[in-house]
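Okay, structure first, notes after.
Counting starts at 1 for both ligands and their atoms, following the listed order.
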Amino acid sequence: SSNNLRTNNFLRHVESMRLHPSGAGHIPYLNAIILGESLATEEDDFVLPSEDFASQANVQSPEQYLKLYKRSIEDPDGFWSEIASQFYWKQRWGDKVCDENFDIRNGNIKIEWFKGGITNICYNCLDRNVEAGLGDKVAIYWEGNEPSLDATLTYSQLLDQVCQLANYLKDIGVKKGDAVIIYLPMLMELPIAMLACARIGAVHSVVFAGFSAEALTQRIIDCKPKVVITCNAVKRGPKAIHLKDIVDTAIHDSAQNGGISIDKCLVYENPSAMKKEDTKWKEGRDIWWQDVTPQYPTTCPVEWVDAEDPLFLLYTSGSTGKPKGVLHTTGGYMVYTATTFKYAFDYKPSDIYWCTADCGWITGHSYVTYGPMLNGASVVVFEGAPSYPDSGRCWDIVDKYKVTIFYTAPTLVRSLMRDGDAFVTRYSRKSLRVLGSVGEPINPSAWRWFYNVVGDSRCPISDTWWQTETGGFMITPLPGAWPQKPGSATFPFFGVQPVIVDEKGIEIEGECNGYLCIKKSWPGAFRTLYGDHERYETTYFKPFAGYYFSGDGCSRDKDGYHWLTGRVDDVINVSGHRIGTAEVESALVSHPQCAEAAVVGVEHEVKGQGIYAFVTVVDGVPYSEQLRKDLILTVRKLIGAFAAPDKIHWAPGLPKTRSGKIMRRILRKIASRQLDELGDTSTLADPSVVNQLIELADS
Ligand code: WTA
């Protein structure tokens with residue numbers, strides 16, 4: 001068939017690139033694309049973009065990709081400065097596009113891109129597009145929780161609103177470099193607030209509105225914001241959640257426990273969820289957004305910043321201790337999010353783009369707000385839940401706005417798949433042309449359902465592997481270029497050099513399985529962990545000297561395709577949300593009746609991974625359903641509902657080595673009931689705990 005022919009052409013081409021002296025052969029990474037003779041007989045593994053799709057795509061073939069990729073590696077300065085020149089710079093960067101020390105053995109890690117370049121990302125998202133004639137183009141289609149509730153903002157209206165808020169923030173004393181915490185649900189005001197901060201050079205730190213008061217407190221204490229921006233309440237499905245009460249508690253607690261005083265709290269009235277008069281209020285500190293912003297001018301001069309000035313902080317979970325503030329700067333992040341968005345989704349100006357992620361996570365930063373808006377895209381922002389009023393809501397929205405690019409997480413795909421095809425096929429979805437996936441590995445069966453049922457076997461899927469730390473896509477298909485294999489994130493984006501190393505940190509070539517590292521910096525890389533550069537180096541650059549260590553496992557097949565296998569550290573990925581096992585454990589042990597806790601991830605049909613907690617109670621405390629509930633409630637209260645354990649397993653003792661280290665390997669096996677694979681338990685301080693645990697497994 002023509003598919004086989006095209007697959008073979010592609011493979012032949014890769015082969016010739018590899019062998020040709022001026023081809024890709026001398027690029028170490030491309031040497032890893034080693035072709036197996038058997039490929040032609042395995043064409044079923046491949047899903048090719050249609051010829052129609054490929055012929056209109058931004059990158060139309062593997063040849064084109066390889067040419068661009070090769071240039072990005074051999075001449076990064078030329079490659080990235082050409083792209084960066086498409087943006088507005090008040091002043092061009094100095095003589096170096098990139099200045100880095102990526103190898104811990106040569107001293108402190110330093111990453112700088114476009115240093116000396118003076119720009120502003122808000123200007124590039126809004127003013128530049130308005131000046132180019134896109135003023136009347138819709139920037140945001142907002143869809144409320146209730147299907148009848150919606151609104152739109154054009155690029156010039158968005159610019160006006162951003163300027164009004166920026167003027168207000170300046171007026172209350174927010175200056176370049178100051179932190180601003182934004183605790184908002186998916187209202188238009190969330191991207192507005194982010195852009196307003198960026199406009200005046202303030203550093204936003206968006207806290208996902210599903211985090212608890214305690215989690216918010218921790219973040220307030222860490223970054224000491226000048227102001228907190230929130231709303232009075234939000235509706236999730238049929239239920240109203242009083243966000244302002246949570247903020248009140250967090251402001252109170254951060255004063256008590258951290259000595260932080262927050263003088264201003266800007267509150268958006270979200271009338272569909274809660275009335276003004278029902279909102280608890282602290283005179284002098286609390287201000288209604290709607291009362292103040294209309295009084296300010298709709299123009300606001302831009303604060304020009306250095307490419308390396310901070311843009312935002314976003315807290316994420318690590319394997320130990322408290323959440324880390326991932327710091328991204330301006331210039332490289334701007335260039336990188338815009339470029340990855342354009343290529344990985346094959347973006348065209350006529351597209352209507354919808355990403356279901358919340359701006360409280362990195363996906364919402366890079367691919368709801370910055371990446372799309374830098375391209376002048378029309379973006380759907382959805383406040384509600386995909387299951388409300390029923391499981392057809394996503395496709396209702398797709399048809400309503402004629403969405404062409406739909407980007408979501410495997411957990412949503414799996415839960416909709418479980419609810420049945422009828423919810424999907426009831427809608428036309430004919431506007432769709434590209435699908436995307438992010439947050440965790442997408443299993444081949446979910447991939448196929450997404451492809452066949454949602455996309456009517458017409459839309460390529462961009463399975464984008466990346467992280468809060470990477471700022472943008474790292475390994476991703478380019479939808480018009482690559483033959484895809486369901487479940488593989490395929491190949492690296494331009495400028496990215498992934499390597500797979502063994503436990504000694506030695507690069508492995510060809511078909512292999514190991515730890516995923518990156519060899520050199522890319523423009524969107526994070527520059528530090530806020531206030532803790534040492535932890536940055538220790539966590540990411542020391543495990544395998546010379547590389548950035550992602551924390552993920554990865555295998556590469558004989559055709560060079562990358563298959564992410566999940567976290568190899570103590571981080572669990574629940575419904576695409578990162579949670580450190582240490583965080584959940586410390587929440588559990590804060591309960592007075594919990595003596596010790598050990599948390600592991602287990603496979604979960606919908607969430608990808610579920611949270612499984614082994615709990616040792618204080619001597620004499622009886623096991624009870626009530627205690628189980630209280631423990632779960634404690635985690636919800638200290639972190640947020642999304643971190644609540646799926647299972648509490650009573651543990652009279654935990655399997656420990658003689659030196660007191662918990663053997664998580666054994667706990668993982670017990671949690672997943674792979675009892676015949678427990679391995680050697682003779683090195684345990686007390687091997688009998690294993691049998692006790694097995695006995696209590698289903699109690
Ligand atoms: C996982 C989300 C497989 C991975 C953008 C990573 C993925 C962590 C994929 C980062 C994917 C993300 N395939 N795994 N396409 N995308 N991951 O920081 O384990 O919230 O390390 O960033 O999600 O999660 P984070």
Side-chain angles (χ1 to χ4, degrees), residues 206-208 210-211 312-319 323-328 333 336-337 340-341 344-345 355-368 370-371 407-414 435-444 446-447 450 461-477 484-493 496 498 515-518 524-526 529 539-540 543 548-556 561-581 583 601 607-609 642-643:
V206 182
V207 177
F208 173 58
F211 272 113
F312 67 86
L313 269 179
L314 184 59
Y315 288 87
T316 190
S317 293
S319 46
K324 351 177 229 199
V326 167
L327 184 105
H328 282 283
Y333 178 83
Y336 199 68
T337 52
T340 46
F341 175 80
F345 293 135
C355 165
T356 63
D358 191 290
C359 286
W361 310 107
I362 190 68
T363 307
H365 282 64
S366 302
Y367 301 107
V368 173
Y370 292 114
Y407 185 36
T408 194
T411 183
L412 183 70
V413 174
R414 286 189 300 262
L435 302 174
S437 172
V438 61
E440 43 166 326
I442 179 164
N443 40 312
W447 195 102
F450 200 23
I461 298 178
S462 285
D463 174 6
T464 59
W465 176 79
W466 60 297
Q467 310 177 292
T468 305
E469 292 88 341
T470 69
F473 305 151
M474 298 296 280
I475 301 183
T476 175
Q484 295 195 10
K485 296 191 187 191
S488 164
T490 72
F491 295 100
F493 192 72
V496 175
Y515 302 99
L516 180 60
C517 291
I518 313 289
F526 68 141
L529 292 178
T539 312
Y540 301 100
Y548 162 78
F549 173 46
S550 67
D552 278 330
C554 182
S555 66
R556 193 163 44 212
Y561 284 68
H562 292 84
W563 300 78
L564 276 299
T565 55
R567 302 287 307 194
V568 294
D569 52 8
D570 291 323
V571 171
I572 352 188
N573 195 325
V574 181
S575 302
H577 300 326
R578 260 167 80 166
I579 299 162
T581 52
E583 273 174 89
K607 299 182 185 176
Q609 279 190 302
F642 64 93

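Taking only nitrogen or oxygen atoms, main chain and side chain alike, Gln467 reaches within less than 3.5 Å of ligand 1. An N or O contact shorter than 3.5 Å is missing between Leu564 and ligand 1 by distance. Residue Ser437 has no nitrogen or oxygen atom sitting less than 3.5 Å from a nitrogen or oxygen atom of ligand 1, judged on distance alone. Taking distance alone, with nitrogen or oxygen atoms compared against 3.5 Å, Arg567 approaches ligand 1 more closely than that limit. For ligand 1, the polar-atom distance check against Ser550 finds no nitrogen or oxygen pair separated by under 3.5 Å.
Tyr407 and Ser462 share no donor-acceptor pair across their side chains, judged by distance under 3.5 Å alone. If you check the side chains of Thr468 and Tyr315, you find no donor sitting under 3.5 Å from an acceptor. Looking only at atom types and distance, the side chain of Thr356 has a donor-acceptor partner in the side chain of Thr408 under 3.5 Å away.
Among all non-hydrogen protein atoms, the one lying nearest atom 3 (C) of ligand 1 is Pro441 N, 3.1 Å. The nearest protein atom to atom 19 (O) of ligand 1, hydrogens excluded, is given as Asp552 OD1, 2.7 Å; this is a heavy-atom distance. Of the protein's non-hydrogen atoms, Thr468 OG1, 2.5 Å is the one closest to atom 18 (O) of ligand 1. In terms of protein heavy atoms, atom 24 (O) of ligand 1 is closest to Arg578 CD, 3.1 Å.
Looking at Thr363 against ligand 1, only its side chain comes within 4.0 Å, counting heavy atoms. At a heavy-atom distance under 4.0 Å, only side-chain atoms of Ile362, from C-beta outward, approach ligand 1. At a heavy-atom cutoff of 4.0 Å, ligand 1 is contacted by no atom of Val571, backbone or side chain.
Judged purely by atom type and a 3.5 angstrom limit, Thr464 has no side-chain atom pairing as donor or acceptor with the backbone of Phe473. Under a 3.5 Å cut-off, the side chain of His365 and the backbone N or O of Trp361 do form a donor-acceptor pair.
Of the inter-residue distances, the one linking Trp465 atom CH2 with Thr470 atom OG1 reads 6.0 Å to the nearest 0.5 angstrom. Of the inter-residue distances, the one linking His577 atom NE2 with Thr316 atom OG1 reads 11.5 Å to the nearest 0.5 angstrom. Distance CD1/Ile572 to CZ/Arg578: 12.5 Å, rounded to 0.5 Å. Separating the OG atom in Ser317 from the CD1 atom in Ile579 is a distance of 6.5 Å, to the nearest 0.5 Å.
Between atom 10 (C) of ligand 1 and the options Trp465, Trp466, Trp361, the minimum heavy-atom separation is to Trp466.
The closest approach between a heavy atom of Gly439 and any atom of ligand 1 is below 4.0 Å.
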